[in-house]
Each structure stands twice: as C-alpha cells, then as structure tokens.
Amino acid sequence: MSEKLYIFEDEVGAGRKVKMVNELLEGIHLVASMEAILLGTQSGIHPWILYDIISNAAGSSWVFQNHVPKILSGDYGKYFDLTTFVQNLRAVLDVAKSHTFPLPLLAVAHQQLLYGCSRTCKDNSQTALFKVSETVLGMSIADACSAEKYVPEKLAEDIVASSNSVKRVGFIGLGAMGFGMATHLLKSNYIVLGYDVYKPTLSRFESAGGLVGDSPAEVSKDVDVLIVMVANEAQAESALYGNHGAVSALPAGSSIILSSTVSPEFVSQLEGRLQGFCTVLNFIAHILHVGFFPFRNSGVLFPYAPLHNQCSHVPREALEDLWMPLVEKRPLTKRRPLVYRGYSYDTNKDEHKNLKLVDAPVSGGVARAALGTLTIMASGTDEALKSAGLVLSALSEKLYIIEGGCGAGSSMKMVNQLLAGVHIASAAEAMAFGARLGLHTRMLFEVIMNSGGASCFLLKWSTGYLNLVLKDVPECFTMFGNRVPHMLDGDYTPYSAVNIFVKDLGIVSHECSSRKIPLHISTVAHQQFISGSAAGWGRLDDAAVVKVYETIAGVTVEDKLPVLKKEDVLGSLPLEWSADPIEEIQQLDQNASKTLVVLDDDPTGTQTVHDIEVLTEWNVESLVEQFSKRPKCFFILTNSRALSSEKAIELTKDICRNLDIAAKSVQNASYTVVLRGDSTLRGHFPEATDAAVSVLGEMDAWIICPFFLQGGRYTIGDVHYVADSDRLVPAGETEFAKDASFGYKSSNLREWVEEKTKGRVSSASVASVSIQLLRKGGPDAVCEHLSNLQKAEMKGKRFLCRTAASFVSARIGIKPKAPITPKDMGINKEKNAGLIVVGSYVPKTTKQITELKTQCGDKLRSIEISVEKLALRSLEEREEEIKHAAQMADIFLRACKDTLIMTSRELITGSSPSQSLDINFKVSSALVEIVRRIKTRPRYILAKGGITSSDLATKALGARRAKVVGQALAGVPLWQLGPESKHPAVPYIVFPGNVGDSTAVAQVVKNWACPIRLSSTKELLQNAQTGGYAVGAFNVYNLEGVKAVIAAAEEENSPAILQIHPGAFKPAGPPLVACCVAAAEQAKVSGIVRAKTNIKLRDTTTPDKDEDYSHVLIHDARSHAFATTRLQYLRVLGKVMIGSLPSTILKMVPITVHFDHGSSMSELEEAVELGYDSLMVDGSHLPFKENISMTKYMTCLAHARNMLVEAELGRLSGTEDDLTVKDYEAKLTSVSQAREFLDETGIDALAVCIGNVHGTYPASGPNLRLDLLKDLHALSAEKGVFLVLHGASGLRKELIKECIELGVRKFNVNTEVRKAYMDSVKCNHKDLIHVVTSAKEAMKAVIAEKMRLFGSSGKA
C-alpha cells in the first residue's frame, strides 16, 4: 500500500499539519520558479535553456523540475487547479494566524497567486499559470519560449576545442572556493601565481606548489589568463583597479575570468572599462579634450537610444551623466577620467592593451572546486572565451556558454541564486512553522524529503499514534535537503554564509528595480537574510536564517546542540581585535597596587602562567610573607574540588578571612580574588562563590569565563564547547558533564548558571559579553558593557571572577613562552627514569594512557592498582595493593624505566555525590601513600588529574610552595617544588585530566624521557679533539669484558668505546652486540650503587620469605620477543643480560659501540643493522682502487644511519683474533694516497699504519714513524678526519703522549686486556663465580690504566 511509513508518536493531527507545511513549500517554490523564469527571460536568457541549466544546479527543486515544464509548455491548467491551491494556502495562513506565527514568504506567494487568479479568467479549471505572469508582470513567457534555442553545452564543447593554449594563470582570491580552484589548476599542470589578502593562505598555497605574489599586480605580470574569485564587487574593483591593481600589470591581449558572483551590470561596465569604454565614449572623451560642443537635435540633448544600442554594456545613465556637462557648457578639465557611480573610466590608461573579459560565475561548493567538477556559466566574446576555454574546462564538470555577451553568465547565476536563496528561506519558514505546530522536526524533514506537494496522503489512526502513509513519492527539494539538516543539528558552520545571500539576493533586488519588474518572493527572502545578518548571524551558514523565525516566534527547530567542526567555526568568527592589549595591561598592572590572588580548586589552574608562585598552605604567616614580596599575582592551591560542598565552603571562607587579615598586616597591601575553576564547568559553583562573597562583601557582578584556549574550551554564542580533535562538542554533551559529583546538563552558560543556582539566578538575568563584542568593539566596548550592568561608572565597581586558566594570564599581562624542556631545567644529562601517576578516570585520560602505552611501551613499565581494592575492600587488601605498587615502582625506576602508576579504568561511583567524593578521597590517599613510599629519585614526576596532582605535591612530596616555571605542553603546567619537598628541584608536571588530545601524555613523556643514547662515536672523538686527549676502544668478547670496560669508565669518569672484532662476533653473535648496546645506554658515573640481576625484596609480612622479582627483567625480553625490529629485541635482551642497574642517577658516562675490522661486505652490512654507533671498513687487503670503492659504498650506507665510519689505509703486521698479517705484507700509509682516499670515500676516521702492529711488539720495542704521523695529522686536520692508531698495547707512555699530540684521538686496545683475562683464568679459583669476578677485575685494572694514559679520565 505504501513505500514509506512514518509514525508521529502521540501527535494527533500530524498528517494534516505535515500536509500544510508541504503546501507552504510548494506555494513558495511555485511563485519563486515563476519569478526566476521571468527574471531570466528579461535578462535575455531563453526560458528552456534556463530551465535546463537550473534543473541541474543548486536552485533546483521538485516544484521547479516538475511544474516549470508544464508552465513553459502552456498546458499547466490540465494538471493544476490554481483556485483550489490558493484556497489551501489561505487555510495554511489561517492556521498560522491562530498559532501567532508569521509566514511572510507564504503570505506574499499567496497574494501573488491570488492576484493572478483574479485577473486571468473566470473559468478556473482552464487557467494556465503562465497567463498570470503576463497579467501581473507584463510579459509573455510563451513568446520567449518560441524563440530559437541553442545548446549551451555544445557551444562550450566548440569553444574548448578551438581554445588557445595557456601556460601561466594568475589567481586573485584564495578563499575556500578559490584555493580549491587554484590548487586544482596546479594539478592540471598550469603554472599558477596566487594572491590573497590573508597571508597564511599564501603560505598554504606555496606549500601546495603554487607561486605567490604580494599584490594583484605582481601575480598579473606575464600571465595568459587572470582569474578573479573574490567575495563581491568592491573587492573585484580593488583587485583590478585599486593600489597595485591587476589591470595595470596585465600584458596586452591577456584575459580576465571573473568568477565572483556579481551583478550583470557590474560585468558589463567592467568589460567597457577594459576595452577603453566604447567608440561612442571615446568620441565623447575627444569632445571633452578638444572643447567641441555639438548642436542640439530637435530639442533632444543626446540621442541616447541609438548610441546605447551600439554600446549595450554602457548604462544609459552613464551616457547622460557624461553628456550633460557638454550641453550645459560647464568648464571641462582636459584628460580627466570619466566617472560613473563611483567607478573611474579613464579612456587613455591601458586603452591599447586589448584586455578580454570572460564572465564565468561558478557553482558547486568547496569540495567540487578542489576536484575540478564545478558548474560554470560563462559568457563573453568568442575571442575572450577561446582565450580562456581550456582553463574553464579544467575547472568544470559542466561548462555552459550563455549567449548574450558579458553579463549573461552572471544573469544565469543571479537566477540560480534567486531560487537557492528563496528555497533556503522557505525551508526555514517551513521547519519553524512545523515546530510551532508541535511536529517532531527531524521526522517532518524526513517526510517532506519524500514528498513534493502533490503526493497522496492516506491516514490511518491507531491508539496513541498517527501512521502517515505516503505513495507516489517524488524527488526531494535540493536546498531543503541540504540546509535543513544544518537547522536540525544547529550546525551553522559556514559553507555559504547568510551574508552571501544578503549580497546575492541584493543583486536580484537591484536588478528587478533596474528592470522595473516586481519580484515579490525574492525581495521578502532578501529581507529575511538581512534580518539574520543584522542579528549578528551574517557569517554563519545561510541555514541560520531559521534563527530569524526562531527568535521572533520563540520556537526551536534543532533537536540538540550540535558537534561542530572546529576549524570552520573558528574561521567564521570575526577577526581578533587588531591591537595587542598585553602591554597596556602590563602598564595598568604596574600602576595598580592590587595583587591578584587566585584561589585554585586544583593545581591545573597554573596552565597559562609562568614565574608565579603557588602556595599550598594559607596560614596568615605565609600570606603575610607573600604579600610582603609585592607580587602581581600568586596562587593558593585549595584543592576544594576534592572536598564535599560543606568543606569547600568552609575552606573558602577560611582562606578569604586569612587573606583579609594578612593584607591588613602589610602596609598598602590590597588584593583582588579570582576563583579559578575547571574549564569544563565542574566544581563547587555557586557554593564557593557565595562563600567568598560572605567574607569579601557583595559584588557588583560575578564574571563567569570558562574560556581556555590551550585546553580547547571555547564559548561562542553563550554556548560552551570542548574541543575534541577537530570537533567542538557542547560541554553538556561531554563526559565531564556526567561527573558524579559536579554533573550538569546545560551547555549554554546562561542556562548553566540557572541550573547550578537551582533557579535562584534565572538565565534571563545573565548578561553576556559576546565574542563579536570582544573582537569588534575591543576593550572599551567591553568596559562600557560591564559598566552598564549597574548603570554606573566603572570606577569603584567590584567583580568576583570565576574563570578558567586563560583569564588569569590575560588579567596580569603574561606573555606566553615556549614549552619547557629538560635542557631548560638542567637535567638533560641525567639518566633517571620518570614517574607518571594517573588518578584521573575521565575517558579522555583513558585514551591518553592507552596511546602512551602504545607509543612508549618498550620503555615504559605499568603498574595498575585496583580502585575496588583501594576503596571498597578490607584495609588489609588495601595495604597489600599499596605496598606491592610501591615496591614495583622502585624496581622499575632503578631499572631506568619510566614508570606508570595508574588506577584501574572502570569508573566506580557512590550512590550520592558525597559517597563518590569519598571514593575519590580513598583512591587519592592511596596514590599519596604509594608515592610517599617510593625511595628512588625520579627524573621528573607527572601527575595526571587535578586532585591527584594536588595531593601528591602537598601530601606525598611535602611541598609547601612551588614556582610555576612554565608549561611542559600547552595547558600543562610545570612546577619546581620548593626545597622543603621530598625531591627538591625535581620537575613536577601537573597534567590536567581534561587537557590535550589522545597523544598529549605520550608527547610529554617522550619529551621528558631520558634519551636512549646521548653520545655517538663522532661526539666522543670530537670532544677528544677539543680536549686534546684520546679515547680508548677496547675489544670485548663476553659479558665480563663488557662489564670491565663499563666499570673502569664509571670509576675513571671516562668515555670509552666497546669494540667487537669479527672474530669475537662469530661465536658470540648478536647477543654480544645487545649486551654492549645496553651497557652503553646504562653506563653512569662512578660511585653508584647497583642492584643485582636477581632482584629480591624482603616481604615484611613474612620475614622468612624472599620474593623473587627477577621475572620482571626476564619479562622485558619476553614481552618484546615480537618487537617490530630486530634491534628493539636485542636492546631488551641486552638489558636483561647486563642486569647492572643503577638505583641513584647522577649523570651518564658516554660509551659507544664499534664494529672493528669489517673486511667483507656481508659482515659490514649486517653490522649496520645491529645497532652499532660506528664501524671500521677494513679494505687494506684489497688493491687501492678496490679499497676506495668498498669503503665509499659502506660510508654512504652507514652515514644514512648516522654512524661514524673508520677505514684503514696501509696494512699492519701482527696477529689479532687468529688473523695474522706477515711482515712482508705490511705497508705504511702513504700521504698522497691518503689524500685521494679521504677525498673519494668521505670517511670520518682514518686508521694509519706508521710502524704500529697488532699483538705484541718485538723485543726491540715499537718503531713508530712519527714524522709520517705528523704529515698525516696535517692532512687529517685539513680534511676534518680523526686519526686512529691500532696496536696500542705495549706502547710506552711517552710514545702515546707524542701520538696524542700529533692528533691520534682513538687508540685500539686488545692484547693487554686479553692477557689480563687469560692470566686470571689460569689462577686457581674454587668456583666459577670467582673466576668471573677475578677476570673482570683484572681487565678493569688494565683498562683504567689505559684511560689514564690516554688522558680521558675525568672527561665524561
């Protein structure tokens, strides 16, 4: 029986009401269609061509598509009873009257149809609607329809096919549409030069590949085609003829495409100006110049009509304005420009350029502009069109050529905009009327989308419901379907603003006046848009015209506040106040004697300030001390949000009383109080405000300002929004509004005040300072507005402000500064791990912690504590949970792992707000106890959540005061705790629970985490070069050797290089590399206490039981067994094997890992992937050219990984790791070859052969060619290359010193260390442990001696 069934629950009579709304739309659309056909025909456009184009454009509707063909065919009366329809519209108006609801568009449509009906004929059944237009509007549509018809699409095809090629395109106006068009031309391989008054847009366009200029003239030089896509005629005039205008710079013969929506008259005048006006006006200009006066012709001053016909683009009024001075014999100035309606027509300037104009308005929206699928209606001379045809084709999916010369395209666009504007305004009228009738607006929209006014309605009644059945469902209304969702969602993100239709329908209104034709519907629609603009909605989406009806009639079309697109909404706002008031505020602050005292209900209120002190206690003595410093501002951390309402009231009163006493105790001390509250509207309001007033006295007004830029909190149109990524969510729709203790429903701040005060303060009594007033009126307008609240002068007024963080920094004139880094705090060299404590349970925090684990999982250790055990279980279970968390945290921190302590993520609430606060208290106090028991000093502390950060600072760490250093991230305060705290000077990051996107916490942790590697081999050698010493590179073979080097380096505070020879790598494999890399990352200054690999903690509840925590370290490797890279796995494995983990961190010892003597491509390529800091390419066994080739290849490969490359030139004799080079194979380094080698390979370090050997020197001792070393040093200094000497074992102290003086910066040491190991093993030891320990100590002693010998001791 039906295709669609709609049920209006509990809405009796809904079917009839929907039918009335549908008829309202049909009536308005019908008359608008007739006006459109009339205006188009009057403009010289064939009615059928107009119909064909509009049917596929934004101005189309079901009525236009289905009724207009019948009207144009002349047989409309067969299908439509006009008299009955007029009677139905009268009934709709009567119902509207009974509901006191204005229907201006329908009223004028009804009057026009009624007038036509009364003037045509008495036989209503035979009335043809096109006769109405002939009677009412004085023209015959039938005659226009019979004129010869052409095909605009075919004309376009012909023009494009014969168009001239274009290379360079200028583009003026890179707004939303223009930017998309210009970038699409770039993609179509045009060279595009762009200009826009908004500089950031120019930067975006340049990034997209375009060229930019500083003025319209600059982008018009040497272009073939210039496109102008600006907002209105005034902007087009300025772009072309203003200062540095385009016309003056355009090359002769070039073309201008005007794509802005402007009036046809403007286009015609512009064409005339570009062509030197016209032949007739040139004649007039000649008369003006020579002073010749023509005769009168039969009493007529000037034969306007014939001349105007010769130059149709010149307004008739212009000819008269130009001619009258001649016949009245006024004094004339030679060579003056001709002026008409404010536009200058200089007939001499640029008259020989032969500039061509194409009138080409566009339709389709931003997305289609970027895709090159616009609809373009172009007109102009054939020459002009052919010069721009290829460009127009590149931008369009549908290109129409409209005959009639320049202005015809704009006429077509004007007709389209007439229909589009009327359809939007009628949609607003219809939906608002439906709301007044009590219909569910969203369902009403759905029904109308599937009806056209001629559908058959079958009504079926059932208990409590009205079932609405539709059949013969036609196509929907175009603009109705597009814009009504904006109204329903309340989303007025501007895609086409109200002001656009103020302009476009203004063009229609001006045109109908010029042409002396009445266009009733479009004129009334224009007035509705003007009303919307006057009300301050001009920059909102054009669907906001519905607000005119909502405001007048007191109805609401939208169902709820929408989620908005942040970028679009903020972009639609007025520009910020141009003058920066900060310096003026600072000056006022210096002259004022009052201190701003901020009572902060949690520590996150310091989000926007720096170099301000925070007190965590408020006794009179502390406050007197603070007032005595004469600060411009200080914070008092009350943490009242963690308290019950009663306790918060008493606390606020106590602080205010102490402030009053302290201020009176300090001479000339006065203050102003600000209550800093949560930017998401949570907290004790109005209780804290009332409490402050009870002590401080009555205020003239309370100021509520929850705006917080850094946290993404915006108040727009009295509605408070919370930014979530690229969206703006009404605060009442966020998780913050569902807070168990401080929940609320209203997003509108006026209504929020009424809700929170339980009606004591009505929303109607709340005044607002709009963003329009702030940005357009500036400080003076705001001051006047506030003064008017009490009809008195500002002087002597008292305000109590409850604000978010942004207000405070603005109030005292603080200029923002860049986020603080570890280097700023002087801890960038420290190797400690950070402690992250999360108590906040809001969903935003949960997302952030999930992302933190994802991004930092391999460096982060997590401890989750059960909220249920802490708050709802026995005291024993609570204590066990606390103890276990503290123990594990100590283990992880000693292991140099950033440690996350977090509460379980399930939200547990009480049956009342007070019970929920009690649960919060138990959880917070448990976190305090855990942090209090942690003994290891962290690198930094990050506390997530307001209550958590307050309690940890004051109770766990014992801070009584702190200094706000700045922010670790926008909106994330960074404190430096006072000397009385448990960890003085440790950075304390106060991370609000409601700030940042999902990656924010991870970003801060990564910024503040200790870098995995702070050194590179190149840095070590560069430091040695600067300091005049050398670094030892010690070959290692096993864990004992690695530990020996690290222990010696820590003891000597010396840099060192762990070196692995291929001979050692073959049996040990990647685990040896992992050990070295992990050891290098964990090496510290000497004197540090270390824990054992097998970590045990004494269980105090069972004295005889040791709890084994070694699984923690083993888990490090197992949990990363499937790491994304082999290197990640090896790093973890190495840390487990090393096991020597610091418990107290001071500063790192720079250790790097080097691959020694890589002589084959395969082993070198593998070394690049294993995590070494540097490698040696040993091609010394190859012919010189092959050595160069191999070394050059590996240098490129290694440098791509930021690895230092060492190579050997010449060849050492001796034995190393069972590889022997005979004396006769040895070869000294040639200086001349070295120069070529360095130039060709680009290496960083050169291992030289100057008589040094691998292994043991002969009994006669080493015989080094120091003269050769001197020459090589000069060469290396010239090339910026470090010198390396292999075979340092056995070299005398004096010889080593000479080598260092001659530039050696790295000594390879192997033989002596190996010998110490072997000698130790040969000794009698009772146990393997003793063997290992003895061997390590023996090697350590040799290594430490070498470090002292090389001069690197104390250089870490």
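In this chain, numbering begins with 1 at the start of the sequence shown.
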Legend entry - Stepwise salt bridge (charged side-chain N to carboxylate O under 4.0 Å, His left out) test for Glu1301 and Lys1270: CA-CA 9 Å; Glu1301 289 176 353; Lys1270 181 178 180 180; over 6 Å; no
Legend entry - Distance-only polar pair, side chains of Asp1244 and His1199, donor-acceptor under 3.5 Å: yes
Inset, instruction - Taking the side chain as every heavy atom from C-beta outward, state whether Leu1268 and Val1231 have any atom pair closer than 4.5 Å. - result: yes
Inset, instruction - Answer yes or no: is there an ion pair linking Asp1319 with Lys1315, defined by an N-O contact shorter than 4.0 Å? - result: yes
Legend entry - Residues Thr1241 and Thr1191: side-chain donor-acceptor under 3.5 angstrom: no
Legend entry - Interatomic spacing from CD1 in Ile1343 to CZ in Phe1350 - rounded to 0.5 Å: 10.5 Å
Legend entry - Side chain to side chain, Cys1299 and Leu1264, heavy atoms closer than 4.5 Å: yes
Legend entry - Electrostatic pair Lys1340:Glu1052 at N-O distance under 4.0 angstrom: no
Legend entry - Passing option when Phe1034 is tested against Glu1312, Met1347, Gln1059, Met1339 for side chain to side chain contact (heavy atoms under 4.5 Å, CB included): Met1347
Legend entry - side-chain contact (heavy atoms from CB on, under 4.5 Å) evaluation trace for Tyr1029 with Lys1355: CA-CA 9 Å; Tyr1029 60 89; Lys1355 300 299 194 303; 3.7 Å; yes
Inset, instruction - Would you check if there is a donor-acceptor pair between the side chains of Thr936 and Asp890 at a distance under 3.5 Å? - result: yes
Legend entry - Nearest-0.5 Å distance that lies between atom NZ in Lys982 and atom CZ in Arg937: 11.5 Å
Legend entry - Side-chain heavy-atom pair Phe1184, Ser1230 within 4.5 angstrom cut-off: no
Legend entry - Nearest-0.5 Å distance that lies between atom CG in Asn1252 and atom CZ in Phe1307: 9.5 Å
Legend entry - Ile836 and Val1005, any side-chain heavy atoms less than 4.5 Å apart: yes
Inset, instruction - Write down the atom of Ala1247, the atom of His1286, and the distance for their closest heavy-atom approach. - result: CB-NE2, 3.7 Å
Legend entry - Ser1352 side, atom OG; Arg1305 side, atom CZ - distance, nearest 0.5 Å: 12.0 Å
Legend entry - Heavy-atom closest pair, residues Gly1242 and Thr1195: O-CG2, 3.5 Å
Inset, instruction - Check whether any side-chain heavy atom of Pro987 sits under 4.5 Å from a side-chain heavy atom of Gln976, and report yes or no. - result: no
Inset, instruction - Would you please say whether a donor-acceptor pair under 3.5 Å links the side chains of Thr821 and Asp824? - result: yes
Inset, instruction - Decide if atom NZ of Lys1279 counts as having more than 12 heavy atoms of other residues, nucleotides or ligands within a radius under 6.0 Å. - result: yes
Inset, instruction - Give a yes or no answer on whether the side chain of Glu1169 reaches the backbone of Glu1165 with a donor-acceptor pair at less than 3.5 Å. - result: no
Legend entry - Verdict with reasoning, Leu1039 to Val1332, per side-chain contact (heavy atoms from CB on, under 4.5 Å): CA-CA 9 Å; Leu1039 185 59; Val1332 171; over 6 Å; no
Legend entry - Side-chain (Ser1276) to main-chain (His1273) donor-acceptor, under 3.5 angstrom: yes
Legend entry - Heavy-atom closest pair, residues Ala1064 and Leu1072: O-CD2, 4.1 Å
Inset, instruction - Report yes if the side chains of Val1313 and Val1309 come closer than 4.5 Å at any heavy-atom pair, otherwise no. - result: yes
Legend entry - Stepwise side chain to side chain donor-acceptor pair (under 3.5 Å) check, Ser1334 with Ser1320: CA-CA 6 Å; Ser1334 175; Ser1320 174; 2.7 Å; yes
Inset, instruction - Could you tell me whether a side-chain N or O of Glu1240 sits under 3.5 Å from a main-chain N or O of Phe1237, the two making a donor and an acceptor? - result: no
Legend entry - Heavy-atom side-chain contact between His1154 and Glu1206 under 4.5 Å: yes
Inset, instruction - Give the minimum heavy-atom separation between Ser1174 and Thr1017, together with the two atoms involved. - result: OG-OG1, 2.9 Å
Inset, instruction - Identify the two heavy atoms, one from Gly1171 and one from Val1077, that lie closest to each other, and give their separation to 0.1 Å. - result: O-CG2, 3.7 Å
Inset, instruction - Please report the C-alpha distance between Ser1180 and Leu1209 in whole Å, then the side-chain angles of each, then the deciding distance to 0.1 Å, and finally whether the side-chain contact (heavy atoms from CB on, under 4.5 Å) criterion is met. - result: CA-CA 6 Å; Ser1180 60; Leu1209 193 58; over 6 Å; no
Legend entry - Spatial distance of atom CD (Glu1166) from atom OG (Ser1160) [nearest 0.5 Å]: 9.5 Å
Inset, instruction - Could you point out which residue of His1061, Arg1314, His1157 forms a side chain to side chain contact (heavy atoms under 4.5 Å, CB included) with Asn1035? - result: His1061
Inset, instruction - Could you tell me whether the side chain of Met825 reaches within less than 4.5 Å of the side chain of Pro822, counting heavy atoms only? - result: no
Inset, instruction - Run the numbers on Leu1266 and Leu1302 for side-chain contact (heavy atoms from CB on, under 4.5 Å), then give the verdict. - result: CA-CA 8 Å; Leu1266 296 180; Leu1302 291 174; 4.1 Å; yes
Inset, instruction - Grab the two heavy atoms, one from Ala1207 and one from Ile1243, that are nearest each other, plus how far apart they are. - result: CB-CD1, 3.9 Å
Inset, instruction - For side chain to side chain donor-acceptor pair (under 3.5 Å), just list the numbers for Asn1310 and Tyr1037, CA-CA rounded to whole Å, side-chain angles, deciding distance to a tenth of an Å, and then say yes or no. - result: CA-CA 10 Å; Asn1310 186 10; Tyr1037 300 83; 2.9 Å; yes
Legend entry - Within 6.0 angstrom of Lys1018 NZ, more than 12 heavy atoms from elsewhere: no
Legend entry - Ala1047 backbone acceptor or donor facing Glu1050 side chain under 3.5 Å: no
Legend entry - Cys1249 backbone acceptor or donor facing Thr1229 side chain under 3.5 Å: yes
Inset, instruction - Find the distance between CG (Leu1164) and OH (Tyr1172) and round it off to the nearest 0.5 Å. - result: 10.0 Å
Legend entry - Side-chain (Asn1308) to main-chain (Ala1033) donor-acceptor, under 3.5 angstrom: no
Inset, instruction - State whether a side-chain donor-acceptor pair under 3.5 Å links Asn1007 with Tyr940. - result: no
Legend entry - Under 3.5 Å: donor-acceptor pair, side chain of Thr899, backbone of Lys897: yes
Inset, instruction - Run the salt-bridge test on Asp898 and Arg939 with the 4.0 Å N-O cut-off and return the result as yes or no. - result: no
